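Keep in mind the model is a prediction, meaning the values are calculated, not measured. The sequence lines fix the lettering, A, B, ..., with proteins before strands; numbering per chain opens at 1.
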Number of protein chains: 2
Amino acid sequence: MAIHKKEAFTQREQDLAAFAKALAHPARIAILKVLAQRNECICGEIVEILPLAQSTVSQHLKELKNAGLINGSVDGPRSCYCINWKAFEKFNQEFSWLFTNLKIKNEKSCC
Amino acid sequence: MAIHKKEAFTQREQDLAAFAKALAHPARIAILKVLAQRNECICGEIVEILPLAQSTVSQHLKELKNAGLINGSVDGPRSCYCINWKAFEKFNQEFSWLFTNLKIKNEKSCC
DNA sequence: TTATTTAATCGTATATTTGCGATATAAGAT
DNA sequence: ATCTTATATCGCAAATATACGATTAAATAA
C-alpha cells in the first residue's frame, strides 16, 4: 500500500482519529473504567482484572499513555497510572463538535 | 497471537470500542464531515474531495456502514450515503457515560 | 445493442495491531 | 549480596487494516 496517507488530512482530523484509535479496543476501555473508578492509583491490579497477559496489559497502558489519555509515573518496582481528565475534556469537546454541532444544521437523515 | 480476545470483554465495552474503531482513521472522520455538511446525499463527490483512490474510499464507506454510523442505499449506478444520527446519539451517550459520569466521582487526578 | 458512468469487489502488497513468553530492570525484603 | 516482586521491553507469530489497480456489476445514454 505504499504509504499511509494520514498526513494528507487536517491536524484536527488526525488528532480526533488518534484519540478514537486509543479507545478502539475493549481492553483499553476496560482499563480506563478501572482507572476511573479507583481514587488511588496504585494500578498493578489491572493485570489481575483483565483477561490478558501482563505484557499485553503493559502494552495497552503504554498506548493509552502515548495517546495522552492517562498519566503514569514509575515508582520503584510499581507504576502509578491514572486518567488524564484534561485530555478527555479536550477530546470530549472535539467529539461534541463532530456529533452535536453538525447535527443541528442537518436534523433529518435523507436515506 | 492465537486469537483476539475481544469476546472476553463486556458487550458494552466491545460496542464502544467498535464505534471508536470506526472513527479511528482521519479519512473516515473526513467522510463523516462531508456527509454531515451536505443536506442532500448523492455522495459520489466524496471520492473527489478525499486524497484517496476510489476503491479505498469505497472501503472506508463500507466500514462506516458496517459500524452503523452511516446509512447507504444503492441507487442505480450511484450510491447514496448519509449519517445515521440515531447511532451517533446512542454512542455519544456511551461516551458521556465514560467521560463525564466517571469524572464526577474522581475529579482530581492523582498523578 | 453497445458504450458510458458510478461504485463495489477482488487480489495483492505492505504496515500495523494484538498477544504472549522470555528476558531485563529496578526497588525493596531477607 | 541475593531473592522477590512489579513492570517494562524484546522478539516473534498471527490477525487486521490500509491502499491501490484491475475487474465486475448495474443502470443509463447513445
Rounded to the nearest angstrom, tell me the gap between atom [atom1] in [X] and atom [atom2] in [N].
| X | N | atom1 | atom2 | value |
| --- | --- | --- | --- | --- |
| A:Leu50 | D:dA6 | CG | P | 17 Å |
| A:Ile31 | D:dT7 | CD1 | P | 13 Å |
| A:Glu45 | D:dA6 | CD | P | 11 Å |
| B:Glu63 | D:dA17 | CD | P | 7 Å |
| B:Leu52 | C:dA8 | CG | C1' | 16 Å |
| B:Leu23 | D:dA17 | CG | P | 15 Å |
| B:Arg28 | D:dT16 | CZ | P | 15 Å |
| B:Leu64 | C:dA8 | CG | C1' | 15 Å |

Inset, instruction - Summarise protein proximity over nucleotides 21-27 of chain D in one line of letters, 5' to 3': B for base, S for sugar-phosphate only, - for none, counting protein heavy atoms closer than 4.0 Å. - result: BB----S
Legend entry - Heavy-atom donor-acceptor pair, B:Asn84 side chain to B:Gly68 backbone, under 3.5 Å: yes
Legend entry - Main-chain N/O of A:Ala27 paired to B:Glu13 side chain as donor or acceptor, under 3.5 Å: no
Show me the donor-acceptor pairs within less than 3.5 Å that the side chains of residues 54-61 of chain B make with the rest of the protein, sequence neighbours left out.
from, atom 1, to, atom 2, distance (Å)
B:His60, ND1, B:Arg28, NH1, 2.9

Strictly below 4.0 Å: does [X] bring a side-chain N or O up to OP1 or OP2 of [N]?
| X | N | result |
| --- | --- | --- |
| A:His60 | C:dG19 | yes |
| A:Lys21 | C:dT16 | no |
| A:Tyr81 | D:dA6 | no |
| B:His25 | D:dA19 | yes |
| B:Arg78 | D:dT28 | no |

Quick check: closest heavy atoms across [X] and [Y], and the distance to 0.1 Å?
| X | Y | result |
| --- | --- | --- |
| B:Ala67 | B:Ala22 | CB-CB, 3.6 Å |
| B:Leu32 | B:Ile83 | O-CD1, 3.4 Å |
| A:Pro51 | B:Ala8 | CG-CB, 3.6 Å |

Inset, instruction - Tell me which of B:Lys62 and A:Ala27 sits closer to the 5' end of DNA chain C, going by the nucleotide each one is nearest to. - result: B:Lys62
Legend entry - Interatomic spacing from CG in A:Asn71 to CG in A:Leu35 - rounded to 0.5 Å: 10.0 Å
